[in-house]
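Single-structure report; data block below.
Proteins get letters first, then strands, A, B, ... in listed order; numbering begins at 1 in each. For the numbers below, each heavy atom of this structure counts, side chains included, while hydrogens, waters and symmetry mates do not.
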Protein chains: 2
Amino acid sequence: MTEKNKKPSIDDIAKSLGVSKTLVSMVLNNKTQKYGISETTRKRVEEKIEEMGFLPNKAARRLRTGKSFLIGIIVPDISNPFYSKIIREIEDKVQLNGYHLMACSSDEDSEKEMNLIKMLVDSQQVDGLILSTTLKTASELDFLSKRNFPYVLMDRTLEDVDVPSVGVDNKTGAYNATEMLIKAGAKNVAMFSISPGYISTIEERKKGYLNALKANKLNVKADMLFEIPFSDIKNSVFEHLDELLNKKTKSIDGIFAANNNIALACMEYFREKKIKVPEKLKFVSFDDIDVFHFSNPTISAIEQPLSDIGSWSIKLLFELLEGDSETRKPVHINLPTKFIARTSC
Amino acid sequence: MTEKNKKPSIDDIAKSLGVSKTLVSMVLNNKTQKYGISETTRKRVEEKIEEMGFLPNKAARRLRTGKSFLIGIIVPDISNPFYSKIIREIEDKVQLNGYHLMACSSDEDSEKEMNLIKMLVDSQQVDGLILSTTLKTASELDFLSKRNFPYVLMDRTLEDVDVPSVGVDNKTGAYNATEMLIKAGAKNVAMFSISPGYISTIEERKKGYLNALKANKLNVKADMLFEIPFSDIKNSVFEHLDELLNKKTKSIDGIFAANNNIALACMEYFREKKIKVPEKLKFVSFDDIDVFHFSNPTISAIEQPLSDIGSWSIKLLFELLEGDSETRKPVHINLPTKFIARTSC
DNA sequence: ATGAAAGCGCTAACAA
DNA sequence: TTGTTAGCGCTTTCAT
């Protein structure tokens with residue numbers, strides 16, 4: 001039971017070399033130039049580090065410097081392909097800069113999200129945060145802004161918040177989607193939105209939908225816009241469809257699904273109940289996923305530039321971290337979506 | 001520019017209460033019972049903590065105790081739905097125990113994986129590791145075992161490794177899949193495997209495939225088993241299919257895809273080239289994903305119990321962490337798969 | 001029932 | 001060009 005297997009510390013390196021740990025630390029942090037350390041000693045130290053398999057203890061470094069080289073990211077659900085693809089993009093990018101990622105799911109629950117934020121910021125001490133937020137108001141994030149804590153909003157934004165954000169043009173996307181439904185002949189177009197309905201992306205999509213109805217002189221009735229609760233999507237979608245499709249009068253003939261989760265539930269319904277799409281019902285969804293490409297019928301969808309969303313988010317965050325942007329006004333990136341025409345409308 | 005906004009430390013709490021930080025620490029760690037701290041002081045401390053919004057600095061705690069309450073998980077690709085669903089399951093479970101997750105992608109690259117392991121273990125000091133490994137031999141992980149570092153193998157296992165593992169019965173799954181192809185009338189069944197081919201799950205699937213051919217007295221020729229490189233799946237699949245389907249003699253009439261990535265590439269080919277499935281070609285895949293359920297045709301697949309894989313993995317890891325199992329033999333969980341019959345075969 | 005003090009491994013200000 | 005030292009915030013041993 002010797003202590004031989006203990007991991008070497010910076011002190012062990014220093015002692016076995018007969019130098020001070022300051023020196024080792026300098027080498028570790030590439031500050032040999034700055035302090036005019038000779039090439040030879042640098043090499044000697046580097047070799048010893050290699051030889052002993054030394055890796056700096058991040059906890060100690062973190063405690064000392066206050067920097068963790070950790071980025072936190074919170075999304076509603078890391079297993080939703082929309083988010084997992086974005087996260088993957090970000091993972092690759094942060095690695096390049098020596099950072100690492102802690103990704104968490106909020107389940108569309110603001111309270112859970114606040115807890116995650118606090119744990120990431122105060123306990124784990126991440127250096128920055130990327131938020132696809134479920135929060136209602138910017139004020140809930142005031143404590144971050146007050147501390148000057150670097151974070152960016154991704155996908156979803158908030159009113160009156162003074163931080164960088166990146167998202168897509170949801171309103172135009174939804175407008176196009178709805179219009180495509182109408183052009184395909186639908187006269188009675190419902191939208192299946194999702195709750196909480198105050199989420200910026202959803203609000204914009206609802207606006208786009210309503211605008212398209214207006215622009216095409218269709219009945220704009222609030223009773224054609226349904227909010228499906230996130231926690232019970234399938235049941236809720238099924239109930240609504242049961243009702244909407246069995247109405248004697250003015251049964252719907254078009255549906256705009258606000259996201260991929262809802263679309264999948266609708267598709268499940270169409271399958272089970274053998275609803276003919278697009279004959280009986282035109283259909284289009286926001287968020288393009290693999291399923292839409294292969295399904296029968298294939299599903300027209302609004303595609304979002306996932307990797308751009310990811311890379312812009314982390315780019316803006318790094319700009320914040322690098323810092324001299326103190327006074328600059330926060331950037332807001334609004335990326336275009338793309339309508340993918342398929343057979344469902 | 002006052003220092004007011006600085007986060008409170010344990011010392012701040014102690015001072016503002018006129019007690020020692022030992023006391024505060026005890027309260028923080030629920031050791032008031034153990035040390036016989038009075039209920040009243042405990043309450044007083046707790047209230048102050050609440051009032052000042054104090055959260056313990058994990059870096060300091062980590063440095064002091066050597067425990068991070070972090071679990072690392074490495075999979076080939078966190079955006080593959082197979083893994084992202086497992087990770088999600090684990091995320092929920094670790095949270096319950098006060099742990100947090102750092103998930104990383106290895107891209108099927110052993111070197112990258114080794115680097116990730118080192119960074120998670122030595123630098124981030126995660127308390128445990130869940131590995132869906134791309135490594136070739138257990139010996140590469142010897143340094144972990146030697147240190148008695150807690151980790152479990154998930155999905156993929158390694159020969160002669162003395163740690164807990166959880167996976168599914170790949171051989172039987174592949175056997176069933178292949179047999180279904182044969183029962184559906186295929187006489188010339190190819191398998192599209194993936195490289196690196198030494199991965200345990202893939203090896204087992206290959207064995208299952210070959211066994212099924214033998215058991216059904218079909219030609220067992222090595223030239224019907226193809227290894228698709230992970231980094232270039234689509235092109236490789238397309239090339240192989242181009243060749244296999246345009247042979248004058250004994251063209252293939254059945255394909256077993258080793259995983260969902262490969263299956264998607266095949267399906268893409270079928271679409272583009274208008275290959276009739278199952279008429280011209282029977283098809284079945286390992287890994288069930290949403291796409292298979294909705295596609296045209298729907299794709300028969302071997303379903304793996306994702307949430308069980310996740311929950312078993314973290315359960316076994318926690319058993320390791322909780323510790324008194326020193327001498328116990330490591331558990332190996334082998335979960336059953338399920339054949340989902342659809343129209344592709 | 002509570003406090004004092006050492007020390008985890010590192011960085012950075014200051015000394016030499 | 002290199003070394004000494006203080007201290008980041010916490011837990012834990014030992015005192016009281």
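In this structure, Lys31(B) reaches the sugar-phosphate backbone alone: every heavy-atom distance under 4.0 Å involves primed, P, OP1 or OP2 atoms, never a base. Backbone-only contact: Leu23(B) has heavy atoms under 4.0 Å from sugar-phosphate atoms and none from a base. Residue-level contact check: Ser38(B) touches the backbone only, with heavy atoms under 4.0 Å from sugar-phosphate atoms and none from bases.
If you check dG3(C), dG3(D), dC10(D) against the side chain of Val19(A), the one that comes closest is dG3(D). Of all nucleotides listed (dC8(C), dA1(C), dT11(D)), dA1(C) comes nearest to the side chain of Ile37(B). For Tyr35(B), whose side chain is taken as the heavy atoms from C-beta onward, the closest listed nucleotide among dA12(C), dT2(C), dT11(D) is dT2(C). You'll find that the side chain of Lys21(A) is closest to dA6(D), out of dC10(D), dG3(C), dA6(D). The Ser25(B) side chain lies nearest to dT11(D) when the options are dG9(D), dT11(D), dT11(C). The nucleotide whose nearest atom lies closest to any side-chain atom of Thr65(B) is, among dT11(D), dC10(D), dT11(C), dT11(D).
Residue Asn57(A) contributes atom CG, which lies 17 Å from atom P of dC10(D) at whole-angstrom precision. In this structure, Arg62(A) atom CZ and dC10(C) atom P are separated by 13 Å, rounded to whole Å. Remark: C1' of dC8(D) and CZ of Arg64(B) are 14 Å apart, rounded to the nearest angstrom. Whole-Å rounding puts the Ile10(A) CD1 to dC10(C) P distance at 5 Å. The CE-P distance, from Met26(B) to dA1(C), rounds to 11 Å in whole Å. The interatomic distance linking Asn29(A) (CG) with dG9(C) (C1') rounds to 13 Å, in whole Å.
Inspection of the Arg62(B) and Gln124(B) side chains reveals no N or O donor paired with an N or O acceptor under 3.5 Å.
If you take NZ on Lys93(B) and CZ on Phe318(B), they are separated by 10.0 Å, rounding to the nearest 0.5 Å. Expressed to the nearest 0.5 Å, how far CH2 of Trp312(A) lies from CD of Glu89(A) amounts to 13.0 Å.
In the interface, the side chain of Thr22(B) is paired with the base of dA4(C) through a donor and an acceptor atom under 3.5 Å apart.
Ion pairing between Glu47(A) and Arg44(A) fails under the 4.0 Å rule for side-chain N and carboxylate O. A salt bridge links Glu39(A) and Arg42(A); the closest N-O separation between the charged side-chain nitrogens and carboxylate oxygens is under 4.0 Å.
DNA chain D is contacted by no residue of residues 118-126 of chain A, taking any non-hydrogen atom closer than 4.0 Å.
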